[in-house]
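The next block holds one structure in the form of structure tokens; read it before the comments.
All values below were derived from every heavy atom in this structure, side-chain atoms included, with hydrogens, water molecules and symmetry-related copies excluded.
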Amino acid sequence: GDHRDLHSFPTRRSSDLACVISGDAPLPAGIASCELTTLPFSFCTYPGHPLAGRESVGLADIAEVPLTLLGEETYLTSYLLTCFEEEGLRPHIAMKTNQLTMIGQLIQNGVTSSVLLPGILEDSRLVRLPIEGLRPVRIFLAWKDVIPLSYPLACLTETARRLREEAQR
């Protein structure tokens, strides 16, 4: 789920642990967490695009570019649109779809570009540029802090915490 689901999480009886994607929104009261990773957004475009030769781009740079984004119901798109709005920018959204193959084809054919996370559309024919000033998303485990985790879940969260600490060294 995403951070919006966490507000009802402390009252749910069926969930002990959740994997959550979020920006920098604070966790609601009653939730403990263990961050797994942070993921930066990339501007994905075709090699001949005017921005393709840069080292990085800013939100203002890509606001004028025709974009194909993941469907409206995804957290990543709503988070991205909120970031544009906070900067007073209105992105040129040509299309929204959850069809990753279609997004890749539109980029390869020079029709649109996109903003994606690592691991989505890993294609060597695409140019991926870091986006300056765009906060990365966090992926973390979350649980109710008033209810002790079962032994297997406690082991999972402790292992995740240790791996994260080792990765940061």
Exercise. V137 pairs by side-chain contact (heavy atoms from CB on, under 4.5 Å) with which of L117, T37, L80?
Worked result: L117

Exercise. Can you find a heavy atom in the side chain of C34 that is under 4.5 Å from one in the side chain of R164?
Worked result: no

For this session: Determine whether L100 and Y79 fall in the same hydrophobic cluster, where Ile, Leu, Val, Met, Phe, Trp and Tyr are linked whenever their side-chain heavy atoms lie under 4.5 Å apart.
Result: yes

Exercise. When clusters are formed by joining ILVMFWY residues with side-chain heavy atoms under 4.5 Å apart, either directly or through shared neighbours, do L141 and L153 land in the same one?
Worked result: yes

Problem set entry | Interatomic distance, T68 atom OG1 to Q105 atom CD [nearest 0.5 angstrom] | 12.0 Å

For this session: Kindly indicate whether the side chain of M102, heavy atoms from C-beta on, has any atom under 4.5 Å from the side chain of M95.
Result: yes

Exercise. Is there a side chain to side chain contact (heavy atoms under 4.5 Å, CB included) between F140 and L27 once you walk through the steps?
Worked result: CA-CA 11 Å; F140 56 92; L27 295 175; 3.5 Å; yes

Problem set entry | T157 vs L149 side-chain heavy atoms within contact, under 4.5 Å | yes

Problem set entry | side chain to side chain contact (heavy atoms under 4.5 Å, CB included) between I21 and L76, worked out | CA-CA 9 Å; I21 185 168; L76 297 177; 3.4 Å; yes

Seminar exercise, completed: Closest non-hydrogen atoms of P40 and P118, given as atom of the first, atom of the second and distance, are O-CD, 3.1 Å

For this session: Taking the side chain as every heavy atom from C-beta outward, state whether S42 and I131 have any pair of such atoms under 4.5 Å apart.
Result: no

Problem set entry | Q99, CD atom: more than 12 neighbouring heavy atoms under 6.0 Å | no

Problem set entry | Audit row: R162, E166, salt bridge (Lys or Arg N to Asp or Glu O under 4.0 Å) steps and yes/no | CA-CA 6 Å; R162 271 189 277 127; E166 286 175 16; 5.7 Å; no

Exercise. Given the rule that I, L, V, M, F, W and Y join up when any side-chain heavy atoms are under 4.5 Å apart, are I120 and I103 in one cluster?
Worked result: yes

For this session: Find the distance between CD1 (I93) and CG (L69) and round it off to the nearest 0.5 Å.
Result: 5.0 Å

Exercise. Going through the distances and angles, do I62 and F84 end up as a side chain to side chain contact (heavy atoms under 4.5 Å, CB included)?
Worked result: CA-CA 10 Å; I62 61 176; F84 274 112; 4.0 Å; yes

Exercise. Near R90 CZ, under 6.0 Å, is it more than 12 heavy atoms from other residues, nucleotides or ligands?
Worked result: no

Exercise. With side chains defined as the heavy atoms from C-beta onward, is the minimum distance between P28 and I31 less than 4.5 Å?
Worked result: yes

Exercise. Is there a donor-acceptor pair closer than 3.5 Å between any side-chain N or O of T74 and the backbone N or O of G71?
Worked result: yes

For this session: Could you check if a side-chain atom of I107 sits within less than 4.5 angstrom of a side-chain atom of S114, using non-hydrogen atoms only?
Result: yes

For this session: First locate atom OG of S78, then atom CD of E85, and finally report the distance between them rounded to the nearest 0.5 Å.
Result: 11.0 Å

Exercise. Any donor-acceptor pair under 3.5 Å linking the side chain of T38 with the backbone of R138?
Worked result: no

Exercise. Are L39 and F41 joined in one hydrophobic group, where the rule is that I, L, V, M, F, W and Y side chains link up if heavy atoms are under 4.5 Å apart?
Worked result: yes

Problem set entry | N98 side-chain N/O to L70 backbone N/O, donor-acceptor pair under 3.5 Å | no

Exercise. Do F43 and V127 have side chains that get closer than 4.5 Å, going by heavy atoms?
Worked result: no

Exercise. Shared ILVMFWY cluster between L106 and L126, side chains joined below 4.5 angstrom?
Worked result: no

For this session: Decide yes or no for E64 and H92: does some side-chain heavy atom of the first lie under 4.5 Å from some side-chain heavy atom of the second?
Result: no

Enumerate donor-acceptor pairs with a distance under 3.5 Å from any side-chain N or O in residues 44-61 to protein atoms, sequence neighbours excluded.
unit_1, atom_1, unit_2, atom_2, d
T45, OG1, S113, OG, 2.7
H49, ND1, L51, N, 3.0
R54, NH1, D61, OD1, 3.3
R54, NH1, D61, OD2, 2.8
S56, OG, E132, OE2, 2.3
D61, OD2, G58, N, 2.7

